[in-house]
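Throughout, a chain's letter reflects where its sequence line sits, starting with A, and its residues are numbered from 1. Values in this document were obtained by computation on a predicted structure and should not be read as measured data.
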Protein chains: 2
Amino acid sequence: MFMISFTEENYLKALLRISFDSGETGVGTNELASHLGVKPATANDMLKRLRDKALVDFEKYKKITLTREGKNIATEVIRKHRLWETFLYEKLEFSWDEVHDVAEQLEHIQSSKLIDKLEKFLDYPAFDPHGDPIPSKGGELTKQFRKTLLDIPVGQLCKMVAVKDNSSAFLQYVVKVGLGINNEIYVQSRQEYDALMVIEVNGVASSVSEKFAENIYVV
Amino acid sequence: MFMISFTEENYLKALLRISFDSGETGVGTNELASHLGVKPATANDMLKRLRDKALVDFEKYKKITLTREGKNIATEVIRKHRLWETFLYEKLEFSWDEVHDVAEQLEHIQSSKLIDKLEKFLDYPAFDPHGDPIPSKGGELTKQFRKTLLDIPVGQLCKMVAVKDNSSAFLQYVVKVGLGINNEIYVQSRQEYDALMVIEVNGVASSVSEKFAENIYVV
DNA sequence: TAATTAAGTTAGACTAATCTAACAATTTTA
DNA sequence: TAAAATTGTTAGATTAGTCTAACTTAATTA
């Protein structure tokens, strides 16, 4: 098996995440490029290299899909990412919004022994600190149907189980509203015009935007 | 402060290690190149870049030294390396000879918060699993005068405190002889001709070469 | 359906890190 | 001290990953 670089791993991971989030198999070049913060031309070059390595499939001007091997690698990277996040949160006392950026680096450490031992040390966790499922060794990224706060009607109570956006900026905002995993949220009202919502968490009411609401997963 | 790459960090670390081990301040290009497994020309190119960044000092055809800033970065990399080794050994149950290679990757993770929290989690260890001292935050690599097994006269008892060579190959050999940190060694005999020694560890006698003996630190 | 806009690709260039081969300076030694 | 050996440097090339600018194809819409 040939060497796979740090950068290639990031492309594969992005492809899996995008297709997973959108629910569609194929991913576009521009979509991928903007997700990775590179220019479409750059992504196009890399995609050709990944195709040569049989990690992605696509025809000129058509959507991109991961091959089985590409998907396996991407899943493994996500597995590592989420295990490291769990380690940082549970063992090193990192806060919820700090774990992502460091895990972005740690996920690329090459040592299957390391990740297996880490998993054991953490006692085989099923979810990371953001509520996302951790794939098992050689496993799949499980598709769980999830509602967002946007789907909850006015007057209903729900419970936050995970977040979609893992950026530090968003998570700090979530903390500021008084929210965390497993907190209950009561939907007080919603504006027709711009979907601005008033929610109540632990007795404190806050206004949140549509963009905010669609990044909060609830049950 | 400008960005410092993975590779640059390795060059700085190598410069510190070589000058530390040899006891001399200046390091030669060939010496550095062979330590890193690259060609002298490659090392020379990199050294010019490091000089531009004010991390090393040297004049054409002269020995290379680290600047204060270069030394600080190198020391920090070594600090990270040794803390990660301690983590792998103590928390993840890695064996003594397995920790080095993984720590070579982990030492380049950029997050001062991570390394401070890791140090706290490990309860501020002073030595890594190979017996080498862990520099404190912002500290120096302490020069400890150390004798090797080669310095012990026939008929004398000593105690192994550390190893010089951290390669997996060497460490596996050490384990095979029945040696570990803090084990007592009795020097039974030594050949004049090639310095071949017979040592006794826990009642078991073994023959070891000069090369082996000079990589074992004792008190 | 033809024109416009969006999406995707190509060509050519740049930087970092590496190499080989040739050359220059320094050190050793006969 | 002159020749040989060692050590260090330069020039020119290569690869991965990125860019800009120009171009092509596909999708949308008037």
Margin query: Any side-chain N or O of A:Ser5 below 4.0 angstrom from OP1/OP2 of D:dA16?
Written below: no

Next item on the list: Take the protein atom CG of B:Asn10 and the nucleotide atom P of C:dA16, then report the distance between them rounded to whole Å.
Entry: 17 Å

Next item on the list: In whole angstrom, give the distance that lies between atom CD of A:Glu59 and atom C1' of C:dG8.
Entry: 14 Å

Check: Given D:dT7, is OP1 or OP2 found less than 4.0 Å from the side-chain N or O atoms of B:Thr29?
Finding: no

Notebook entry, point to check: Taking atom P of D:dG17 as reference, at what distance in whole Å does atom CG of A:Leu47 sit?
Noted result: 12 Å

Margin query: Distance check needed: D:dT14 P versus B:Asp45 CG, whole Å only.
Written below: 16 Å

Checklist line | Between C1' of D:dT9 and CG of B:Leu32, the distance in whole Å | finding: 15 Å

Item checked: Option among B:Glu8, B:His35, B:Glu107 that satisfies the side-chain hydrogen bond (donor to acceptor under 3.5 Å, both in side chains) test with B:Lys13 -> B:Glu107

Notebook entry, point to check: Looking at A:Thr42, does any N or O in its side chain come under 4.0 Å of the phosphate oxygens OP1/OP2 on D:dG17?
Noted result: no

Note to self: Does A:Ala41 reach a base, just sugar-phosphate, or nothing at all? Heavy atoms under 4.0 Å.
What the structure shows: base

Item checked: Gap between atoms CG and P, on B:Asn30 and D:dA5 respectively (whole Å) -> 17 Å

Check: Does a salt bridge link A:Glu76 with A:Arg79, judged by any charged N lying under 4.0 Å from a carboxylate O?
Finding: yes

Notebook entry, point to check: Contact class for B:Phe6 (heavy atom, under 4.0 Å): base, sugar-phosphate, or nothing?
Noted result: nothing

Notebook entry, point to check: Are A:Lys48 and C:dT10 close enough that a side-chain N or O sits under 4.0 Å from OP1 or OP2?
Noted result: yes

Notebook entry, point to check: Just to confirm, is there a sub-4.0 Å distance from OP1 or OP2 of D:dG17 to any side-chain nitrogen or oxygen of A:Arg49?
Noted result: yes

Check: Just checking B:Lys60: base, sugar-phosphate only, or nothing, at a heavy-atom cut-off of under 4.0 Å?
Finding: sugar-phosphate

Checklist line | Nearest listed nucleotide, side chain of B:Tyr61, among D:dT9, D:dG17, C:dT9 | finding: D:dT9

Margin query: Using heavy-atom distances to pick each residue's nearest nucleotide on DNA chain D, tell me which of B:Pro40 and A:Thr7 is more 5'.
Written below: B:Pro40

Next item on the list: Look at A:Asn44 and C:dG8 and indicate whether a side-chain polar atom (N or O) is within less than 4.0 Å of OP1 or OP2.
Entry: no

Checklist line | For atom NZ of B:Lys39 and atom P of D:dG8, their distance in whole Å | finding: 15 Å

Next item on the list: Return the orientation label for the B:Phe87 and A:Phe87 ring planes: parallel under 30°, perpendicular over 60°, tilted otherwise.
Entry: tilted

Next item on the list: Using only side-chain N and O atoms of A:Tyr11, determine if any of them is under 4.0 Å from OP1 or OP2 of D:dT18.
Entry: yes

Notebook entry, point to check: Mind checking whether A:Phe212 and A:Phe170 have parallel, tilted or perpendicular rings, split at 30° and 60°?
Noted result: tilted

Note to self: Assess whether a salt bridge exists between A:Glu69 and A:Lys53, defined as any Lys/Arg side-chain N lying under 4.0 Å from an Asp/Glu carboxylate O.
What the structure shows: no

Notebook entry, point to check: Could you state the NZ-C1' distance from A:Lys62 to C:dA7, rounded to the nearest angstrom?
Noted result: 13 Å

